[in-house]
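This report concerns only the one structure given below.
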Amino acid sequence: MAPTTAAGTLRSFPAPSAVLELFKPITWFPPMWAFGCGVISSGADLGARWPMAVAGIILAGPLICATSQAVNDWYDRDVDAINEPNRPIPSGRIPGRWGLFIAIGWTIVSMLWAYALGPWVFGAAVVGMGLAWIYSAPPLRLKQSGWLGPAACALSYEGITWFTGAAVMLGSLPNPQILIIAALYSFGAHGIMVLNDFKAIEGDRQTGVRSLPVQLGVDNAAKVACAVMLAPQAVVIALLLAWGQPLHAIAVTVSFGIQIYLMARLITDPRKLAPWFNGTGVLLYVLGMLVSAFALGGLAGVGA
């Protein structure tokens, strides 16, 4: 029998509003931002290749990120029934196996879109989509590991997407400086992903997901997350100085210092303050990404 909606009627097909909720548009911002950083870091003329940039932003957010959210919700439906029972799948607003069908269909659409943007973009999209599936789906289900799960998310949301933005604009493999900075910010994003796990501690415990807050405890997990966020930014600052970008290095240092101040407050009550830090410290982190992208773009212009 088809699931019953709040209005009491039987539904066999998901409503468009439920599908949009499944795709979680609010989560599209981080990869779209990282893609934009990749575009800026390339130093390429945006005016000449803006259609490719727009197509890449669509790939990063409404396609690949949306697919990853659908995949995650399908394989997390039992956890969501505990943590977020009003989500589209556990609530029955996306009935039967429609959650899986949507995830598969959007994967195909995303891969076709990426293929049209060139081989480097397609290759990056294949890796990113592969990580999205093995993060949530058995038998690997990286999400069950407090170390591998956040690493897969961070690499997909930041490093691969930054690489894709630069590759779209250059039509080739980005230079080593871009790859290094993208990798460093991707590493630091592991800490951000750990902080995101704080909201699902009870469900994770009950379903055997060994997130870092479950493994290490809330206080220790928060300290690890902060250290992982800070360490690569310190390396970024040193590299910007070494590459002759002192003003950009100073800007990132200011962001770095304020983050330390905010983290000192975060660790006093991590579970309560994690959402607050996501709106303050994480914002400073991604602004540092943008500053670093402009520094790289300036280096590319000098090299040209």
Side-chain angles (χ1 to χ4, degrees), residues 16-17 19-72 102-132 153-175 177-179 181-183 185-186 189 282-283 285-301 303-304:
S17 60
V19 175
L20 182 62
E21 186 179 345
L22 179 71
F23 286 155
K24 296 183 185 175
I26 194 172
T27 66
W28 301 351
F29 171 76
M32 292 168 69
W33 181 273
F35 182 91
C37 289
V39 168
I40 293 167
S41 70
S42 72
D45 181 7
L46 181 59
R49 292 181 65 81
W50 69 265
M52 293 292 288
V54 171
I57 289 174
I58 293 172
L59 176 67
L63 290 176
I64 291 182
C65 185
T67 302
S68 72
Q69 297 302 326
V71 173
N72 186 64
I102 290 168
I104 293 172
W106 220 234
T107 296
I108 295 170
V109 171
S110 299
M111 291 299 94
L112 291 173
W113 190 280
Y115 183 79
L117 295 180
W120 285 107
V121 175
F122 179 69
V126 168
V127 174
M129 189 63 76
L131 287 172
C153 285
L155 182 59
S156 298
Y157 274 56
E158 305 295 349
I160 292 175
T161 315
W162 187 314
F163 170 92
T164 304
V168 161
M169 298 304 291
L170 297 171
S172 62
L173 179 68
N175 66 52
Q177 292 167 318
I178 292 175
L179 299 180
I181 296 298
Y185 276 111
S186 182
V282 173
L283 176 61
Y285 183 92
V286 299
L287 287 175
M289 289 172 54
L290 184 62
V291 171
S292 299
F294 276 110
L296 293 170
L299 288 174

- Query: Just how far is it from atom OG of S17 to atom CG of L22, taken to the nearest 0.5 Å?
  - Reply: 11.5 Å
- Item | Note, T164 side chain near L117 side chain (heavy atom, < 4.5 Å) | no
- Message: Tell me if a side-chain donor or acceptor on S186 pairs with a main-chain N or O of A182 at a distance below 3.5 Å.
- Response: no
- Message: Using the rule given for side-chain contact (heavy atoms from CB on, under 4.5 Å), can you reason through L287 versus W33, listing the C-alpha separation, both sets of side-chain angles and the distance that settles it, and then say yes or no?
- Response: CA-CA 10 Å; L287 287 175; W33 181 273; 4.2 Å; yes
- Query: Under 4.5 Å between any side-chain heavy atoms of I58 and L63, yes or no?
  - Reply: yes
- Here the pair of heavy atoms bringing D45 nearest to M169 is O-CE, 4.0 Å
- Return yes if some donor-acceptor pair links the side-chain N/O of S156 with the main-chain N/O of C153 below 3.5 Å, else return no. no
- Calculate, to the nearest 0.5 Å, the distance between atoms CD1 and CD belonging to I64 and Q69 respectively. 12.5 Å
- Note: A293 and C37 closest approach over all heavy atoms is CB-O, 3.3 Å
- Check G56 against F35 and note the closest heavy-atom contact, atom names and distance. CA-CZ, 3.3 Å
- Query: Got a second to check how far T107's OG1 is from L112's CG, nearest 0.5 Å?
  - Reply: 11.0 Å
- Within a strict 4.5 Å, meaning less than it, do heavy atoms of the C65 and F29 side chains meet? no
- Mind listing the closest non-hydrogen atom pair of P25 and L20 along with its distance? CD-O, 3.3 Å
- Query: Would you say S68 and Y157 make side-chain contact, with heavy atoms under 4.5 Å?
  - Reply: yes
- Could you walk me through whether I160 and L131 pass side-chain contact (heavy atoms from CB on, under 4.5 Å), step by step? CA-CA 11 Å; I160 292 175; L131 287 172; 3.8 Å; yes
- Message: Using every non-hydrogen atom in the two residues, find where W162 and M289 come nearest and quote the distance to one decimal.
- Response: CH2-O, 3.5 Å
- Test side chain to side chain contact (heavy atoms under 4.5 Å, CB included) applied to I178 and L296, L173, L299, the passing residue: L296
- Message: With ring-ring contact (aromatic ring centres under 6.0 Å, His included) as the rule and sequence neighbours excluded, what pairs involving residues 102-125 come up?
- Response: F23-W106, Y115-F122
- Task: Compare every heavy atom of A189 with every heavy atom of Y285, then report the nearest pair and how far apart it is.
- Result: OH-N, 3.2 Å
- Look only at the side chain of T161 and the backbone of M32, and say whether a donor-acceptor pair between them is shorter than 3.5 Å. no
